[in-house]
Protein chains: 4
Amino acid sequence: MQSRATTPRTGRPRSAAADAAILQATRAALVELGWSKLTLGDVATRAGVAKTTLYRRWAGKNELVVDAVAVLFDELELPDRGSLAADIEGVVLQFAALLNRPETATALMAVVAESTRDEPLRERIRTSIVDRQKRLVVEGRARATARGELPPESDPEVAARTADLIFDVVAGAVVHRTLVSAEPADEEWVRAFTQVLLLGLTGTPPTP
Amino acid sequence: MQSRATTPRTGRPRSAAADAAILQATRAALVELGWSKLTLGDVATRAGVAKTTLYRRWAGKNELVVDAVAVLFDELELPDRGSLAADIEGVVLQFAALLNRPETATALMAVVAESTRDEPLRERIRTSIVDRQKRLVVEGRARATARGELPPESDPEVAARTADLIFDVVAGAVVHRTLVSAEPADEEWVRAFTQVLLLGLTGTPPTP
Amino acid sequence: MQSRATTPRTGRPRSAAADAAILQATRAALVELGWSKLTLGDVATRAGVAKTTLYRRWAGKNELVVDAVAVLFDELELPDRGSLAADIEGVVLQFAALLNRPETATALMAVVAESTRDEPLRERIRTSIVDRQKRLVVEGRARATARGELPPESDPEVAARTADLIFDVVAGAVVHRTLVSAEPADEEWVRAFTQVLLLGLTGTPPTP
Amino acid sequence: MQSRATTPRTGRPRSAAADAAILQATRAALVELGWSKLTLGDVATRAGVAKTTLYRRWAGKNELVVDAVAVLFDELELPDRGSLAADIEGVVLQFAALLNRPETATALMAVVAESTRDEPLRERIRTSIVDRQKRLVVEGRARATARGELPPESDPEVAARTADLIFDVVAGAVVHRTLVSAEPADEEWVRAFTQVLLLGLTGTPPTP
DNA sequence: TGTTAACCGAGACGGTACGTCCAGTCTTTCT
DNA sequence: AGAAAGACTGGACGTACCGTCTCGGTTAACA
């Protein structure tokens, strides 16, 4: 979040409680107001903190919101449901549920929009949110390989490229369905999507 | 754009040139400044128009930008390239090129973000942009059916659902690749993506 | 106050009522809070006016206060009391009373302090306040000359220099007595001061 | 660093050098920035001292500036120039020169302005600056009496009142001339002023 | 062919939020 | 216990836009 390299040894240390309170207040404000009506002054007030304290730690609204929202994405898990199809369905449903929370979808899209003009912000999004979730793809793939559902991939570069592709397809489809088409990513849709995806990856339809 | 039902029978009619100038100026401002730094006062100045004139025609920044950007999406075409795989690759590349234009990506994401809190805006996006592009899916499907690449679908509801799914997968994947992963949707990626998609839809890999 | 030369012919004209309300509110705030605790935001609120309106008309606190206070100095008069001594005593007492009003003394000194670093402000003070009051000296002198109490002065430059000197002595003494020495400029003090001044100017003590 | 022999047995003693450095830095900042742009943080930095140290010794900006400026006024002297007129001219010129120094005029006026709302500050100004300079009047008067230029005054209360009046007239006139009228108190003006003052006090014009 | 109503430009209006700066206090470590 | 460093709360600053509201001045359809 902040640089740990520069170790200021003197002076009053920054309040760790303030950080937590600010991120908490940011999420609360996102829920109530949405991205565009969220103001840093209001966040500061909610957190019981002066505006300057907030600006000392984050460069602006975008950076703050990325940090506030990032932690929510770490909740995603990949419980072993016995088959690749079931695993995919499970994680996609979790992801859809996450995007339906009022603080995530609007914030994520807005920040992504800003990031098209702001390279450091894009980098922050990538490291704080995106790359962290690729673990789900890698893990699911490993599990399916162990089960014999997928052939092992020896070339690591091909494996990485495939993982990226899967990630973009899965995350993109869910986001688009939820936000742009504005239709629910419910169980029925998830099942249909999983079937297409699995068939596309393995050439064989999932066995129910 | 505006209601034509109420027919003002007297008085000076609105300048048609102003509309075009404003939309043009909006796109120019988007290119230069991006969504978040675009101001309506600036757009008005660029268009050589009073702010009042602008507000008389659009409710706000979001609505204006949707209209300004919508027309760009109508440029997408589906030239007959002889096979379903080639058709898909062609349109996906067009879409990727469109998202790489500086005025589209940032504007689209920002407006989508706003729309999560603004039902009329969501509706406007859907009618002005999203639904208009589903024609590409429907047309491509019909062409592939005629070629015998896809079996005919008798149930119109199933057809619609499948079209929606394809649309979300295609559009979502390209958007996510371009904006979130921030990697180019180049020919190599498009070929890999098309292969997965086609296999997922037909159970058979595309024949080169 | 503002330039009358540039006559903007288009656009909504500035509200004349706003000007009056702002100056009125400024004086009220000076009475309650004094110079240093007066804030432009508070003045705007009191005047029922937006902060921007205030900044559109005045460059800052200093300029506003000069304008707000200047009008008070125009209340000074020189009633004919029959003799030069009585006239001087009368106007000095008025001046002392004016400086005892809570909105004047603190504001005037603060603005003068600022003006030592701000030439345009100094000019504004001079034209809005100082020079306007020299009329009292000139008028009193003319009246005394007509009465035969003072010899006529033919050289206008000498007359001007003498008027300036008298003005500095009178205004300076009263201000210093009131603000720096912080003693009241009461009738007794004024009488003693007038006696010294008159003797200094004419060589003859005032006749009671 | 070694403690000196006189070091108290407990606690670190206050640095005497810090006091001098702070006052020095205050004067330097006044010269560069003027009263209104002088900040205590900046003074502390210039003095190589922590803000805490500064606040431990002075209550605020006003008190600090009074102390920083007071010492300059002690430079005023009353060298014996042989006649009352010459003595007055000498001290008035000194005073005018002092007020022309950039750190004095602005600071003095600002502090006086504040003092109209701050009784302790007024008291501090009086004891630190004003009353200390009345010695000049008293001394000059005694010298003139010894020379026979002024009659001896037996009643001490009358003497005090007269001294106060002279002080207000002299200081006030010079200050007003310099700061408000913003004209130089040069030799010509001082001579004219002295002539009026002396005639006012003695009934006889000064003998050149 | 003149009315006339809706349009147009310009720009001031009341607001809201911004991001910065400074005052004055507090907390930490070092001397 | 005092000092340096620097984070803290709180509040005003002056700016930028927002979306609305007068103004004076067109302009095209109707009478």
Side-chain angles (χ1 to χ4, degrees), chain A residues 8-15 17-18 36-45 47-57 59-61, chain B residues 8-15 17-18 37-45 47-61, chain C residues 8-15 17-18 36-45 47-61, chain D residues 1-3 7-15 18 36-42 44-45 47-61:
Chain A
R9 314 197 310 101
T10 69
R12 178 176 175 175
R14 289 193 177 167
S15 159
S36 64
K37 295 191 178 171
L38 177 150
T39 71
L40 295 195
D42 179 49
V43 169
T45 304
V49 145
K51 236 188 337 170
T52 36
T53 299
L54 207 153
Y55 277 105
R56 209 175 283 121
R57 292 162 149 94
K61 201 165 153 172
Chain B
R9 311 198 309 108
T10 171
R12 177 178 176 177
R14 288 190 178 165
S15 159
K37 295 191 178 171
L38 178 149
T39 72
L40 295 196
D42 179 49
V43 169
T45 304
V49 143
K51 246 195 322 173
T52 331
T53 301
L54 207 151
Y55 277 106
R56 222 175 270 124
R57 293 158 193 223
W58 287 276
K61 198 167 158 173
Chain C
R9 313 196 311 100
T10 68
R12 180 175 174 175
R14 290 192 177 169
S15 159
S36 63
K37 295 192 177 171
L38 178 149
T39 71
L40 295 196
D42 180 49
V43 169
T45 303
V49 144
K51 232 186 346 166
T52 37
T53 299
L54 207 152
Y55 278 105
R56 211 175 280 122
R57 294 161 185 211
W58 286 277
K61 200 165 155 174
Chain D
M1 194 173 289
Q2 281 288 356
S3 295
T7 302
R9 306 191 322 113
T10 174
R12 180 171 172 179
R14 286 191 178 171
S15 158
S36 63
K37 296 191 176 170
L38 176 149
T39 70
L40 294 195
D42 180 49
T45 303
V49 144
K51 251 200 314 178
T52 330
T53 302
L54 206 152
Y55 276 105
R56 217 174 274 125
R57 293 160 149 94
W58 286 277
K61 199 166 156 172

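Lettering of chains follows the sequences in order, A, B, ..., and the numbering in each one begins at 1.
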Chemist: OP1 or OP2 of dG14(E) sitting under 4.0 Å from any side-chain N/O of Thr53(C)?
Modeler: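 Looking at the OP1 and OP2 atoms of dG14(E), one of them is under 4.0 Å from a side-chain N or O of Thr53(C).
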Chemist: What's the CZ-C1' distance between Arg57(B) and dG9(E), to the nearest Å?
Modeler: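 In whole Å, dG9(E) C1' and Arg57(B) CZ are 13 Å from each other.
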Chemist: In whole Å, what is the span from the CG atom of Leu38(A) to the C1' atom of dC18(E)?
Modeler: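 Leu38(A) atom CG is separated from dC18(E) atom C1' by 13 Å.
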Chemist: Can you tell me how far CG of Leu40(C) sits from NZ of Lys51(C), rounded to the nearest 0.5 angstrom?
Modeler: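 These two atoms lie 8.0 Å from each other.
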Chemist: Rounding to an integer number of Å, can you tell me how far Arg12(C) CZ sits from dC8(E) C1'?
Modeler: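 In whole Å, dC8(E) C1' lies 17 Å from Arg12(C) CZ.
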Chemist: In whole angstrom, give the distance that lies between atom CH2 of Trp58(B) and atom P of dC18(F).
Modeler: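 In whole Å, dC18(F) P and Trp58(B) CH2 are 15 Å from each other.
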Chemist: Please determine whether any donor N or O and acceptor N or O are separated by less than 3.5 Å between the side chain of Lys51(A) and the base of dG10(F).
Modeler: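 It does not, because no donor-acceptor pair links the side chain of Lys51(A) to the base of dG10(F) below 3.5 Å.
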Chemist: Quick one: Tyr55(D) OH to dT9(F) C1', roughly how many Å, whole number?
Modeler: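 Nearest whole value for this atom pair: 14 Å.
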Chemist: Between Leu54(B) (CG) and dG11(E) (C1'), how many Å, whole number?
Modeler: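 So the two atoms are 16 Å apart, to the nearest Å.
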Chemist: Starting at the 5' end of DNA chain E, which residue's closest nucleotide do you reach first, Val49(C) or Gly60(D)?
Modeler: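 Going by which nucleotide is closer to the 5' end, it is Val49(C).
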Chemist: Could you state the NZ-P distance from Lys37(A) to dC17(F), rounded to the nearest angstrom?
Modeler: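 Whole-Å distance recorded here is 20 Å.
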Chemist: Less than 3.5 Å between a donor and an acceptor, one on the side chain of Thr52(C) and one on the base of dA16(F), is that the case here?
Modeler: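 There is none.
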Chemist: Can you name the closest pair of heavy atoms from Ser15(B) and Ala18(B) and give their distance?
Modeler: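 Result for this residue pair: OG-N, 3.0 Å.
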Chemist: Using only modelled atom types and a 3.5 angstrom limit, is any donor from either the side chain of Arg14(B) or the base of dC7(E) paired with an acceptor on the other?
Modeler: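 There is none.
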Chemist: Taking for each residue the nucleotide of DNA chain F bearing the nearest heavy atom, is the 5' side occupied by Ala18(A) or by Ala50(D)?
Modeler: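 It is Ala50(D), whose closest nucleotide lies nearer the 5' terminus.
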Chemist: When rounded to the nearest 0.5 angstrom, what is the spacing between OG1 in Thr52(D) and CZ in Arg57(D)?
Modeler: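 CZ of Arg57(D) is found 11.0 Å from OG1 of Thr52(D).
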Chemist: Over all heavy atoms of both residues, which pair between Ala50(B) and Ala44(B) is shortest? Give the atoms and the distance, please.
Modeler: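 Looking at all heavy atoms of both residues, the shortest contact is C-CB, 4.1 Å.
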Chemist: Identify, between Pro13(C) and Pro13(A), the residue whose nearest nucleotide on DNA chain F lies closer to the 5' end.
Modeler: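 On the 5' side of the pair lies Pro13(A).
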Chemist: Using every non-hydrogen atom in the two residues, find where Val49(D) and Leu54(D) come nearest and quote the distance to one decimal.
Modeler: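 Minimum heavy-atom separation between Val49(D) and Leu54(D): CG1-N, 4.4 Å.
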Chemist: Over how many whole Å does the gap from Arg56(C) atom CZ to dT15(F) atom P extend?
Modeler: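 Distance, rounded to whole Å: 12 Å.
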